[in-house]
Structures are given as structure tokens and as C-alpha cells.
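Have a look at the structure below, then the notes.
Numbering starts at 1 and runs along the sequence shown.
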Amino acid sequence: MNRQDAENSENKLSFPRCVSRRGACREVARRARRSRHPWPRVAGVALALALAVSPGVAFAQADALLDQGKQLMKKGKLAEACPKIEESYRLSPRSATLLALATCHEKQGKLATAWAEYIDLGAAARKEGNKRLEADAKARGAKLELRLPRLTLNVPRAAAVEGLEVTLDGAPVDSGTWGQARPIDPGEHKVSASAPGRKRWELTVTIKRGERKAVAVPALAKDGSAAPEPAPAAEAPAKEAASPVAAAPDKGGTAGAGKGAAPDRGGTAGAGKGAAPDRGGTAGAGKGAAAAKPGKGAEGAEEGAASATPDAAEEPEPTPAAAPKHAGTFVLEAGLAGGALIGLIDAGSFGDLSSYSYSYNVREGELIAPCDDDVCHASFDPAIGPFAGGTAFAGVALSEELHLGIRALGGYRFGGGYLLAGGPSASMRFGRLWLGLSGLAAAVGQNAKVTGVKGEIPSDLVGLNYGRTEVNVNAREGSLPETALVQTFAFGGSVEVSLVLADWPSSSWTSGALLLSAWPTFMKGLDGFVIAAPVSLGYRFY
């Protein structure tokens, strides 16, 4: 049987017999060949089933992890609950899961992490059109922001060497954010800095809720153990020529150090090979220059090298700079203020009252007494009006959160009047809020409507005047002014409520914060009361 017969025999065994048309036989053979290899079709079906089932499996797994995390969170096991909720969110990112994760991190004390998650939650809810969830996330984030600690990483110009890398807890800090206060979780954090050819610097910082701290990166010391940088090719000949070579002087002069140098007219010969002595009487340090003292020459070369190359280990290492502390420093604040001034001064003087007189009963009959500022006074209606001015504070920072000093508040009342107040003041910081108290003594003036003038009755004659202590002054109609400026001294206090709009702590004189403040003020005058409600925008340097 030849090769062709063998192939025909194999085909007959492999395919069923076909006695019909030639095309039908080919179709039967094609189907038979496909039936011999079913595995690609099986693999494709399995892959399609896996792709269809995997999202459902991930979703179910995410739900199970979320339920477990919520149960652990209810039991107070936050260290176990938060990772489970975080893994659930990774498998199936949903707003409900992100809300649970932010809540867990907030309870765990990771305020900055939770605050960022609330912001992401608000953005996701806005895309979903869920306004209620968006408002809830915004409110939670705003409430949490008041307690956020912030850390500022300052890099002075002297420390900003080429290749400097600053890291916070191992993560690189972009140079564009140096000098900016960043929200951070309370607790311990590690700040480090490194650069090629420099010693690494590290500092551990502990920060509390609502605390502001700044860390100044120092100039990194040079690392003597680092490989020296290769010298540029253009400088190599200069360094070689500068290295000292000792040679013994001859009677006529000194031996030169130039390799192959020609003798000079001054009587020196170069150290060229076989250089002839010059007329000056000096011999070059040539082939047989026995007068040279190699020991001293080598020693001189070593001394020259030592003097030319400073020891890197002798360079003083800068003291690591810690976060700038403001305790014990001078504090100054100035701002513009405006608000309402309410004067409830019901008695006072509006000028010369000697032109008026009043009468009262005496034992002999009736007495007409002249007025003066001691026995007569005018009565006024309450006066309410806007005022504009400023506020100032000067004191000292007893600690990072407590400032003690003197507060001043003053302004002009539109329509006539003024307020000048000052006294001791204390402010304490709680996150982004400053709360304080001030004791004030003030001079107050208001332009108010005059309702009349009254004269006092001597105390021993009150009984003869039906128990009255004062009576109306006899004034001609139209003689009293319609309004007048009444002034008094007042004593009281003011409450400070300040919100930190922006905080820029640093080691420079510009370190401080921009504050929006309200100063509810209540004072008792000699005759009546004074109420002020100013609001100010100022900057506190500390």
C-alpha cells in the first residue's frame, strides 16, 4: 500500500461514508471534524458565565462586609469595622457605603479622612440628584471642619536644595503645597526630608483636635559618607597644576614644578626630564635630580591636599527646627467693625440749663429754684442707629490656644453719637472658633429726642411735695430742643465669637489668621443702659 492509499484508508475510517452528492459529503466531514474538538466552545461558555456571575458575587460580598462593619461599629469595635466597610466600598462603590465609612472614620477619630469622605459623598449625591443626602453630607463636613487639626510644612529658601523631597507619613508632599495649612488626622505624624548628598532629617509631630502647628524643614547637613561628585574635565589640569611638588633648591635658586617646563631667565628650571641648568645656577628636577627630598615632598603634597579639601565631618550639623511655637509671643489684632448701637440713656444734660427754673413746695409756701447741671437734668427717648468703626487687641499668647491682653472697640454713630470702649480681654481657641470675654469701660454719646427737663426736690422736702423726688421744669413752649446729644460713662462687658476664615501659621512676622468676629456688648450707664452689636473683619498676628 502506497502513501496515497494509506491516506485514503485513514479518511475512510475517520469520516462516515457518503454515497450522495459531493457537496453533502464535504458538509458531513466538516461537522465531524468540529465534533472532535468541543473544548474551545466549552471554555468560551464558561468565561461568559464567569463574567456574568462575578458582578453579582462582588455585590453580595460587599453587602455582607457592609453588614458586618455596621454590626462591629455598633459594638464600638471601630478598628475592625472601618476596614470591612472600606473593602465593601472598594468592591461596590455606593453612596450608602461611603456614608457609613465616613461615619466610622469620624468615630475613630480620623477627622481629616472623614471630612474628605463627606466631601466626596456630597459630590456623589449631587450627581445622583439626591439633594437630601447632599445637604446631610455638607452639614456633617462643615461641622467636622471646625475640629480639624491643620499642619503647615514650611521650607525656607536656605533649605530648598536641588532634589529636596519632603514626605509626610511616607507620602511625598508636593512643593506647591509647602507653606500651606493642610487638614490632618489627630495623632502622631512623621515628617522627613532628604536630598542627594545630604543627611536625612526626620521629626515626629503630635497634633490634637483643632490644633494648628507648623514644621520648618531645616537646611540638611552634607553627608560626608556620600560618594563625591566627579570633577569637571576642564578643572582637572588646574587641580593637577595646583598640587605641590617639593624639590630641593639649588645654590642659584629654586626648582620649578612644571612638568617639562623650560628654564626661566630668573634662574629657575622646570622639572622637565633632562632639563639643563640655566645661567642662574639652578638645576631642574630632571632625570637625576638627587637633591629633591621625596619624603618632604610627599608630606607637603599631603598637607596641601588636606588644606585644599575640608573635612565634611567637621561641618556643623544644623539643629533640627521644630514646629514654630507662638506661646509667649506678642499678639496684635486689628479690624474694621460695623453694627448697631442702642442707647437706652433716659437722663442727662444737653448743655446750659441755667435759663430754666422749677418750683416746689417748702414750709413757708412755694419756692422757685433756678436750674443748673447739679439739680436739673433732661430726659430722652431711646436711640437706635448704625455705627462704623474698628476693633483692636494687643496682648500675649500664654499658649497656642489662649491669648490675654487689652481689647479696644470704637466707632461713630450715624445720626450723631459715638462709642469708645476698652478693657482687659481673654480669648481661647476651640478648633476654628475663638471665644472670649472682655471687661469694658466706655464713653458713650447719642443724639436722642428730648422729652423734657426735670428738677430735683431736696430729700427733706419730699414729704411736702406728695412724695415726689423731682418735678417738671417750667419751660416756655418751643424753648426745649427737639433732639440733643446726651453723653454718659458706662461699664460692662463684651463676648467675642470669632470664626477663622483663613489660617497662615509660620515662623515669619506675617503668621496669623483672618477672623470674622461678632462682639455682643452690654453696659450699664450712669443713667440707663447701652447695647452694641458690632461685627468685625480683622487679622490677628501671632
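Side chain to side chain, Ser95 and Glu128 meet the donor-acceptor criterion of an N or O pair below 3.5 Å. Residues Ser517 and Ser498 have side chains that bring a donor and an acceptor to within less than 3.5 angstrom of each other. In summary, the side chains of Ser427 and Glu496 do present a donor paired with an acceptor at a separation below 3.5 Å, with no hydrogens or angles considered. For the residue pair Thr391/Ser536, the side-chain donor-acceptor check at 3.5 Å is not satisfied.
In the displayed structure, Ile406 atom CD1 is contacted under 6.0 Å by at most 12 heavy atoms of other residues, nucleotides or ligands. No more than 12 heavy atoms of other residues, nucleotides or ligands shown are found within 6.0 angstrom of CG on Leu336. Crowding of Glu162 atom CD: a count of heavy atoms from other residues, nucleotides or ligands under 6.0 Å not exceeding 12. Annotation for Lys449: atom NZ does not count as buried by contact number, only 12 or fewer foreign heavy atoms lying within 6.0 Å.
The distance from atom OG of Ser494 to atom CZ of Phe522, rounded to the nearest 0.5 Å, is 12.5 Å. In this structure, CG on Leu435 lies 9.5 Å from CE on Met428, to the nearest 0.5 angstrom. Here the straight-line distance linking atom CG of Asn472 with atom OH of Tyr356 works out to 13.0 Å at 0.5 Å rounding. Between Leu133 atom CG and Lys131 atom NZ the span is 13.5 Å, to the nearest 0.5 Å. Interatomic distance, Leu168 CG to Leu151 CG, rounded to the nearest 0.5 Å: 6.0 Å. Rounded to the nearest 0.5 Å, atoms OG1 (Thr152) and CD (Gln180) are 9.0 Å apart.
Residues meeting the salt bridge (charged side-chain N to carboxylate O under 4.0 Å, His left out) test with Asp63, sequence neighbours left out: Arg94. Scanning for salt bridge (charged side-chain N to carboxylate O under 4.0 Å, His left out) contacts around Arg140 gives Asp136, with sequence neighbours left out. Annotation: side-chain hydrogen bond (donor to acceptor under 3.5 Å, both in side chains) contacts of Arg413 (sequence neighbours excluded): none. Remark: Tyr539 pairs with Phe541 by the ring pair (Phe, Tyr, Trp, His ring centres under 6.0 Å) rule, at least two apart or across chains. Residues satisfying the side-chain hydrogen bond (donor to acceptor under 3.5 Å, both in side chains) test with Thr451, not counting sequence neighbours, are Ser379. Residues that satisfy the ring pair (Phe, Tyr, Trp, His ring centres under 6.0 Å) test with Phe387, not counting sequence neighbours, are absent from this structure. Residues forming a side-chain hydrogen bond (donor to acceptor under 3.5 Å, both in side chains) with Gln487 (at least two apart in sequence, or on another chain): Tyr418. With sequence neighbours excluded, the residues forming a ring pair (Phe, Tyr, Trp, His ring centres under 6.0 Å) with Trp434 are His403, listed by chain and number. Residues that satisfy the ring pair (Phe, Tyr, Trp, His ring centres under 6.0 Å) test with Phe430, not counting sequence neighbours, are absent from this structure. With sequence neighbours excluded, the residues that form a side-chain hydrogen bond (donor to acceptor under 3.5 Å, both in side chains) with Gln68 are Lys84.
Within the 3.5 Å criterion, the main-chain N or O of Ile345 finds no donor-acceptor partner in the side chain of Asp527. Asn465 places no side-chain N or O within 3.5 Å of a backbone atom of Ile457 that could act as its donor or acceptor partner. Looking at Asp169, its side chain never comes within 3.5 Å of a backbone N or O of His189 through a donor-acceptor pair. A donor-acceptor pair is defined here as one N or O able to donate and one able to accept, closer than 3.5 Å; such a pair exists between the side chain of Asn447 and the backbone of Gly415. A donor-acceptor contact shorter than 3.5 Å is absent between the side chain of Thr177 and the backbone of Ser175. Arg212 places a side-chain N or O within 3.5 Å of a backbone atom of Gly210 that can act as its donor or acceptor partner. Under the 3.5 Å distance criterion, the side-chain polar atoms of Thr103 are matched with a main-chain donor or acceptor of Leu99.
Side-chain contact between Val166 and Leu153 is present, with heavy atoms from C-beta onward closer than 4.5 Å. Proximity of Ser194 to Glu165: side-chain heavy atoms (C-beta onward) are separated by under 4.5 Å at one or more points. The side-chain heavy atoms of Ile85 and Leu72, taken from C-beta on, include no pair separated by under 4.5 Å. Leu515 places none of its side-chain heavy atoms less than 4.5 Å from the side chain of Leu537. For the pair Leu433 and Leu499, the minimum side-chain heavy-atom distance is below 4.5 Å. When side chains are defined from C-beta on, Leu101 does not count as touching Leu121, because their heavy atoms never get closer than 4.5 Å. Val217 has its side chain out of reach of Asn154: every pair of non-hydrogen atoms, C-beta onward, lies at least 4.5 Å apart. Under the 4.5 Å side-chain criterion, counting only non-hydrogen atoms from C-beta, Ile368 is not in contact with Tyr358.
Classification of Glu211 and Arg150 as a salt-bridged pair fails, no side-chain N sitting under 4.0 Å from a carboxylate O. By the 4.0 Å N-to-carboxylate-O rule, Glu333 lies close enough to Arg540 to be salt-bridged with it. A salt bridge does not link Arg468 to Glu470: none of the charged side-chain nitrogens sits closer than 4.0 Å to a carboxylate oxygen. Salt bridge Glu145/Arg432: present, at least one basic N to carboxylate O contact under 4.0 Å. Electrostatic pairing of Glu106 and Arg147 counts as a salt bridge here, judged by a charged N lying under 4.0 Å from a carboxylate O.
Pairs of residues two or more places apart, or lying in two chains, that qualify as disulfide (SG to SG under 2.5 Å) and include a residue from residues 354-398 are Cys371-Cys376. Among pairs with a residue in residues 75-150, those fulfilling disulfide (SG to SG under 2.5 Å) read Cys82-Cys104, at least two apart in sequence or across chains.
Shortest non-hydrogen contact noted between Leu440 and Gly423 is CD2-N, 3.9 Å. Taking both residues in full, the closest heavy atoms of Tyr118 and Ala137 are given as O-CB, 3.6 Å, listed atom of the first, atom of the second, then distance. Considering all non-hydrogen atoms of both residues, Asn361 and Leu464 come closest at ND2-O, 3.3 Å. Taking all atoms of both residues into account, the shortest heavy-atom contact from Arg407 to Ser425 is CB-CB, 3.5 Å. The heavy-atom pair separating Pro218 from Ala159 by the smallest distance is O-CB, 3.4 Å. The heavy-atom pair separating Ser88 from Leu65 by the smallest distance is CB-CB, 3.8 Å.
Ring centers of Phe491 and Phe489: at least 6.0 Å apart, outside the cut-off.
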Notebook entry, point to check: Going through the distances and angles, do Glu80 and Lys77 end up as a salt bridge (charged side-chain N to carboxylate O under 4.0 Å, His left out)?
Noted result: CA-CA 6 Å; Glu80 302 176 28; Lys77 299 179 179 180; 5.2 Å; no

Margin query: Please evaluate residues Asp120 and Leu98 with respect to the criterion side chain to side chain contact (heavy atoms under 4.5 Å, CB included), reporting the C-alpha separation (whole Å), side-chain torsions for both, the decisive distance (0.1 Å), and the verdict.
Written below: CA-CA 8 Å; Asp120 293 340; Leu98 185 56; 4.1 Å; yes

